[in-house]
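Heads up: the structure comes next, in structure tokens.
Because the structure is a prediction, the values reported are computed rather than measured.
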Amino acid sequence: MNHDPAPLTRRRRRGRDGLWPLVFLAPLMIGVVAFYFWPILATVLNSFASFDPFGGPSFAGLENYRTLLGDSFIPRAVLNTAVYTAIVLLGIPIALVVASLLTQKGLRFSRFYQVLFFLPAVSMPVAVALVWRMIFNQEFGVVNWALSLIGIQGPYWVTAPWWSLLAVSVVGLWSSLPLAVIILSAGLQGVPPELYEAAQLDGAGALKQFRSVTVPLLTPSIFFLMIITAINGFQLFDLLFAMMGQANPAMADTQSLVYLFYSEAFRQNDQGYASVIALLILLIIGAFTLLQFQAQKRWVHYD
């Protein structure tokens with residue numbers, strides 16, 4: 001009969017060692033549960049409640065969801081958010097061209113240009129919005145002054161419904177360029193120069209090399225940028241709030257879904273209905289992200 005205590009000791013030691021990963025993961029998991037899972041669960045619970053201005057929540061059933069289906073502001077807010085996101089996504093091909101130019105061999109002052117394109121990323125969003133609001137000013141803004149030089153009377157950029165959405169989208173596109181340029185520039189640094197040499201030997205010009213070599217090898221980076229840019233686009237709030245302001249007559253026709261959530265939760269104090277809008281935003285972002293992951297199988301090259 002074997003009375004060797006070594007196997008038992010090793011099992012006990014493995015049992016104790018198995019607790020250490022849980023100890024190190026516990027702070028992270030507590031943070032994830034406290035700051036991600038619990039807010040989502042609380043939002044779901046609040047969506048079935050109504051909140052009185054001076055009282056606590058009371059069960060409302062599906063009333064908030066019925067209100068969502070009949071809210072005339074929801075379709076316009078969804079459309080505004082989708083238009084803004086689509087325009088901001090146009091910054092990715094622009095950033096691809098800019099990154100290709102900045103990484104050209106022999107380009108003088110390339111570091112200076114890279115810093116110049118990175119400046120919007122280190123600027124305060126509210127300060128950026130206020131500066132662009134002055135640029136788009138109807139009376140003394142630079143944009144309308146430039147249009148007047150060619151005989152065009154500029155519109156009221158930040159007080160007319162569709163023009164204000166276009167102005168905010170242009171600023172959003174401009175603000176999204178720095179991160180995209182940096183990520184794509186880093187991706188271009190990893191492209192083997194031998195591929196360009198082989199393409200050149202096959203008679204491919206600069207444009208052909210860009211389409212056949214550069215773009216396919218950067219598709220993982222482009223896909224990543226599409227994901228984060230779309231998510232940021234659907235979360236439009238601070239730029240819209242700072243550029244237009246709450247008292248703007250065009251805000252009702254230009255508001256995004258997140259601004260509508262803010263208005264219902266903090267101005268109307270209707271936290272139950274605001275929770276339904278928050279779940280709608282979560283559903284839209286999740287569905288769009290899932291579609292992107294499904295579509296990337298057809299065009300993203302990982303090898």
Side-chain angles (χ1 to χ4, degrees), residues 35-36 39-51 60 62-91 125-126 128-129 132-133 158-176 225-293:
F35 297 107
Y36 288 93
I40 294 176
L41 178 60
T43 301
V44 173
L45 296 176
N46 289 341
S47 68
F48 296 101
S50 63
F51 290 78
L62 298 176
E63 184 61 32
N64 291 322
Y65 290 90
R66 285 192 288 266
T67 303
L68 178 73
L69 295 176
D71 192 344
S72 60
F73 289 107
I74 289 294
R76 185 60 183 268
V78 172
L79 178 61
N80 291 338
T81 306
V83 170
Y84 173 84
T85 304
I87 293 177
V88 172
L89 283 171
L90 294 177
V126 175
V128 169
W132 277 96
R133 184 174 181 175
V158 293
T159 55
W162 283 111
W163 289 113
S164 57
L165 179 61
L166 177 61
V168 172
S169 301
V170 168
V171 180
L173 187 153
W174 175 81
S175 301
S176 68
L225 287 172
M226 288 181 63
I227 292 291
I228 62 173
T229 302
I231 292 176
N232 291 334
F234 283 116
Q235 295 177 346
L236 168 66
F237 173 74
D238 52 351
L239 181 61
L240 181 68
F241 186 88
M243 282 192 66
M244 299 189 61
Q246 300 183 63
N248 195 312
M251 180 57 82
D253 295 319
T254 313
Q255 62 184 342
S256 64
L257 278 171
V258 178
Y259 184 90
L260 188 60
F261 160 80
Y262 158 79
S263 178
E264 293 294 335
F266 299 103
R267 298 182 65 188
Q268 306 298 328
N269 199 29
D270 192 350
Q271 299 179 32
Y273 182 51
S275 298
V276 177
I277 298 176
L279 292 177
L280 175 63
I281 298 171
L282 178 63
L283 178 63
I284 292 175
I285 292 177
F288 190 77
T289 304
L290 180 61
L291 288 175
Q292 286 182 304
F293 271 99

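- Looking at V168 and W132, their side chains never come closer than 4.5 Å, going by heavy atoms from C-beta outward.
- Side-chain contact of N80 with Y259: a donor-acceptor pair under 3.5 Å is absent, judged by distance alone.
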> Is there a side-chain contact (heavy atoms from CB on, under 4.5 Å) between Y84 and L239 once you walk through the steps?
Replying inline: CA-CA 11 Å; Y84 173 84; L239 181 61; 3.9 Å; yes
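- Side-chain atoms of N64 come within 3.5 Å of backbone N or O of S47 as a donor-acceptor pair.
- Counting non-hydrogen atoms of other residues, nucleotides and ligands closer than 6.0 Å to OH of Y65 gives a total above 12.
- Closest heavy-atom contact between S169 and L165: OG-O, 2.7 Å.
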> Can V276 and T67 be said to form a side-chain contact (heavy atoms from CB on, under 4.5 Å), step by step?
Replying inline: CA-CA 9 Å; V276 177; T67 303; over 6 Å; no
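- Across all non-hydrogen atoms, the minimal contact from T254 to P161 is OG1-O, 3.3 Å.
- Contact detail for F48 and V44: the closest heavy-atom pair is CD1-O, 3.1 Å.
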> side-chain contact (heavy atoms from CB on, under 4.5 Å) between L68 and L280: does it pass, once the steps are laid out?
Replying inline: CA-CA 9 Å; L68 178 73; L280 175 63; 4.2 Å; yes
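- The structure places OG1 of T81 at 7.5 Å from CD1 of I281, a figure rounded to the nearest 0.5 Å.
- Atom CD1 of residue I231 and atom CD of residue Q292 lie 7.5 Å apart, to the nearest 0.5 angstrom.
- In plain terms, the two heavy atoms of S164 and T159 that are nearest each other are CB-N, 4.4 Å.
- In this structure, N46 CG and L41 CG are separated by 9.5 Å, a value rounded to the nearest 0.5 Å.
- Of the possible donor and acceptor atoms, one in the side chain of N248 sits under 3.5 Å from a partner among the backbone N and O of V158.
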> When you look at L257 and V78, which way does the side-chain contact (heavy atoms from CB on, under 4.5 Å) test go after all the steps?
Replying inline: CA-CA 6 Å; L257 278 171; V78 172; 3.9 Å; yes
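- Considering L89, I87, V83 as possible partners of T85, the one that fulfils the side-chain contact (heavy atoms from CB on, under 4.5 Å) test is L89.
- Taking the six-membered ring where tryptophan is involved, the planes of F288 and F234 are perpendicular, since the angle between them exceeds 60° and thus also 30°.
- For the residue pair T229 / S176, no side-chain donor-acceptor distance below 3.5 Å is found, with atom types taken as modelled.
- Residue L260 holds its CG atom at 11.0 Å from CE of M251, rounded to the nearest 0.5 Å.
- By the 4.5 Å heavy-atom criterion applied to side chains, T289 and I227 are counted as neighbours.
- Between F51 and A49, the shortest heavy-atom contact is CE1-CB, 4.1 Å.
- Rounded to the nearest 0.5 angstrom, Q255 CD and Q246 CD are separated by 11.5 Å.
- Around atom CH2 of W174, more than 12 heavy atoms belonging to other residues, nucleotides or ligands sit under 6.0 Å away.
- Summarising the geometry of F261 relative to A274, their closest heavy-atom pair is CD1-O, 3.1 Å, with the distance given to 0.1 Å.
- The OH atom of Y262 sits 12.0 Å away from atom OG of S256, with the distance rounded to the nearest 0.5 Å.
- Taking 4.5 Å as the limit, every side-chain heavy atom of L279 sits out of range of all side-chain heavy atoms of S275.
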